[in-house]
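Structure first, then comments.
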Amino acid sequence: QVQLQESGGGLVQAGGSLRLSCVASGRTFSTYTMGWFRQAPGKEREFVAGIRYGGRSTTYADSVKDRFTISRDNAKNTVYLQMNSLKPEDTAVYYCAASPLALLRGREADFGSWGQGTQVTVSS
């Protein structure tokens, strides 16, 4: 397992941008598939974006496609989520997660390590 710590959340107006970061502990970060999930008040946690260990393969939820970009820097043990054109419905706690599997399916059960989450609030 790896330990994960998110940062970069905050309050932003609709149409604005934020970049979330997630730093991982351990020497094997580069072997993990990484993902971002979010949970809005009163809703279940949902998949947002994922990236495989090499960084070349990514996948996104339809609701964020063309607005969010996931990337990683294995030298810094960090995964990022660039969020543009934010909408009020993007308001949620955002979680970073790590999976030892090479699969990139967006399934919460694939991810065994989770961060504490960072709040993103988008005002209208």
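Remember, predicted model here, so these are calculated numbers, not experimental data.
Formation of a donor-acceptor pair under 3.5 Å by the Thr118 side chain with backbone atoms of Ser7 is not found in this model. A distance-only check finds a donor-acceptor pair linking the side chain of Thr91 to the backbone of Val122 [under 3.5 Å]. Listed for the Arg67 side chain is a donor-acceptor partner under 3.5 Å among the backbone atoms of Ser63. Formation of a donor-acceptor pair under 3.5 Å by the Thr78 side chain with backbone atoms of Lys76 is found in this model. Side-chain atoms of Arg38 never come within 3.5 Å of backbone atoms of Phe47 as a donor-acceptor pair (strictly under, hydrogens ignored). The closest donor-acceptor contact from the side chain of Ser25 to the backbone of Gln3 lies under 3.5 Å. The backbone N or O of Cys96 lies less than 3.5 Å from a partner atom in the side chain of Glu6, making a donor-acceptor pair.
If you take OG1 on Thr121 and CG on Leu86, they are separated by 10.5 Å, rounding to the nearest 0.5 Å.
Side chain to side chain, Asn84 and Ser17 meet the donor-acceptor criterion of an N or O pair below 3.5 Å.
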For Val48 and Leu81, what are the C-alpha separation, side-chain angles and deciding distance, and is it a side chain to side chain contact (heavy atoms under 4.5 Å, CB included)? CA-CA 9 Å; Val48 175; Leu81 185 68; 4.2 Å; yes
Start with the C-alpha distance between Leu101 and Tyr32, add both sets of side-chain angles, then the distance that settles side chain to side chain contact (heavy atoms under 4.5 Å, CB included), and finish with yes or no. CA-CA 7 Å; Leu101 304 177; Tyr32 282 83; over 6 Å; no
Audit row: Leu4, Met34, side chain to side chain contact (heavy atoms under 4.5 Å, CB included) steps and yes/no: CA-CA 11 Å; Leu4 305 172; Met34 300 299 296; 4.0 Å; yes
Apply side chain to side chain contact (heavy atoms under 4.5 Å, CB included) to Trp36 and Met83, showing your working. CA-CA 12 Å; Trp36 286 97; Met83 305 185 295; over 6 Å; no
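Shortest non-hydrogen contact noted between Val120 and Gly9 is CG2-CA, 4.1 Å. Between Thr33 and Phe111, the closest heavy-atom pair is O-CE2, 3.9 Å. Heavy-atom minimum distance, Ala14 versus Ser124: CB-CA, 4.4 Å. Of all heavy-atom pairs spanning Ser71 and Val79, the tightest one is O-CG2, 3.1 Å.
Val23 and Trp114 are not part of a single hydrophobic cluster, where members link through side-chain heavy atoms under 4.5 Å apart. Both Leu18 and Val64 are part of a single hydrophobic cluster, where members link through side-chain heavy atoms under 4.5 Å apart.
Taking the ring centroids of Phe37 and Tyr95, they lie at or beyond the 6.0 Å cut-off. Ring-centre distance between Phe29 and Tyr53: not below the 6.0 Å cut-off.
Geometric assessment of Arg72 against the ring of Tyr80 yields a negative cation-pi assignment under the 6.0 Å and 45° thresholds.
Salt bridge present: Asp62 and Lys65 bring a charged side-chain N and a carboxylate O closer than 4.0 Å.
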